[in-house]
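What you see below is based on every heavy atom in this structure, not just the backbone, and it leaves out hydrogens, waters and symmetry mates.
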Amino acid sequence: MGWTVDDIARAVARAQERMGGLEQELNEADSRLGDGDTGSMLARVVERMSAADLTQAADVGAALGMLARSTLSATGSSLGTLIATALMTMSRKTKGQTEVAWTDLSGLLAEARDAMIARGGAQLGDKTVLDALDAVASAISGQEEKSAVAAKAQAAAHEALDQFRSQPCRIGRARMFPEKSVGSDDPGMLAFVRLTDAVTVASSAAVP
């Protein structure tokens, strides 16, 4: 068994449920390094995604394309643009597929990561969402079962967040005062970790 449009719809619903408590946490994290609006931006994105009628999607690629367009209509922020880029990349790769094997997810995330690097200019090691995405893509490689994918994704995302917390940010506004960013979580990476927890909650025990 693989993942389908129904799985995508459930993931969006779980993300929306989580955003109620996550918005303020992300805004506070961003206020230490940026404009303080990452949570509000992401809440708009998830709300717009939730409004998309994925039952009209003929396949996984079409559903991911709908979410990419929803993201672009909700925000023009740099993080929002990267999210849309990732979704559109995965949409193209899954066009015509009504079910995608779990073993394919690692490669899809890696292609999304590379597209985000090309679009945004950040590199691995810069302490951004890319580092958490890369960790997850590597951790779930070769996994065939949904439960194993979920558990390994959660663990890898949290490990990346912990690893980079003690490092300086090398891109965005925070790069201008790198010493201040040491000890703080990158808000984009934090958002990725929290939403990874949310969308995998039914498949594995939550990681603290």
Side-chain angles (χ1 to χ4, degrees), residues 8-9 11-54 56-57 60-95 108-124 126-134 136-137 157 161 164 169-177 181 184-196 198-199:
I8 296 171
V12 171
R14 290 173 191 148
Q16 185 182 35
E17 291 173 1
R18 183 68 177 87
M19 279 308 304
L22 184 56
E23 181 176 354
Q24 182 176 352
E25 180 186 6
L26 293 179
N27 281 343
E28 290 176 354
D30 192 29
S31 68
R32 293 189 284 272
L33 301 176
D35 296 328
D37 62 352
T38 291
S40 299
M41 178 278 296
L42 195 58
R44 291 195 305 273
V45 168
V46 174
E47 182 178 6
R48 196 66 59 88
M49 285 184 174
S50 298
D53 185 4
L54 297 185
Q56 301 301 310
V60 169
L64 293 172
M66 290 174 68
L67 296 183
R69 291 188 291 276
S70 295
T71 300
L72 290 174
S73 69
T75 181
S77 71
S78 56
L79 180 58
T81 299
L82 292 180
I83 293 170
T85 297
L87 289 168
M88 193 57 71
T89 299
M90 295 173 70
S91 171
R92 288 193 294 269
K93 296 296 180 178
T94 54
K95 182 178 180 180
L108 289 168
L109 292 179
E111 293 201 48
R113 174 203 62 207
D114 292 345
M116 292 165 75
I117 289 173
R119 182 69 175 83
Q123 300 296 321
L124 293 178
D126 284 346
K127 190 176 176 178
T128 71
V129 64
L130 293 169
D131 295 300
L133 179 60
D134 178 67
V136 169
L161 189 68
F164 280 91
C169 292
R170 296 187 173 90
I171 199 165
R173 287 181 59 186
R175 76 183 188 283
M176 296 182 288
F177 41 90
S181 64
S184 295
D185 291 323
D186 172 75
M189 189 185 297
L190 179 62
F192 181 86
V193 173
R194 294 289 186 259
L195 291 178
T196 296
V199 302

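Side chain of Asp131 to backbone of Thr128: a donor-acceptor contact under 3.5 angstrom is found. Listed for the Ser91 side chain is no donor-acceptor partner under 3.5 Å among the backbone atoms of Leu87. A donor-acceptor pair under 3.5 Å is absent between the side-chain atoms of Arg170 and the main chain of Asp126, judged by distance alone. Side-chain atoms of Asn27 come within 3.5 Å of backbone N or O of Ser40 as a donor-acceptor pair. A distance-only check finds a donor-acceptor pair linking the side chain of Lys127 to the backbone of Ser181 [under 3.5 Å]. Listed for the Asp30 side chain is a donor-acceptor partner under 3.5 Å among the backbone atoms of Thr38.
Residue Arg18 places its CZ atom among more than 12 non-hydrogen atoms of other residues, nucleotides or ligands, all under 6.0 Å distant.
Residues Leu42 and Ile83 meet the side-chain proximity criterion, which asks for heavy atoms closer than 4.5 Å. By the 4.5 Å heavy-atom criterion applied to side chains, Leu22 and Glu25 are counted as neighbours. Residues Leu133 and Met189 form no side-chain contact, since every pair of their non-hydrogen atoms from C-beta on lies 4.5 Å or further apart.
Shown here are the side-chain hydrogen bond (donor to acceptor under 3.5 Å, both in side chains) partners of Arg48, two or more places apart in sequence or in another chain: Ser73.
Looking at every heavy atom in both residues, Gly80 comes nearest to Thr71 through O-CG2, 3.2 Å. Annotation for Ile8 and Leu54: closest pair CG2-CD1, 3.9 Å, computed over non-hydrogen atoms.
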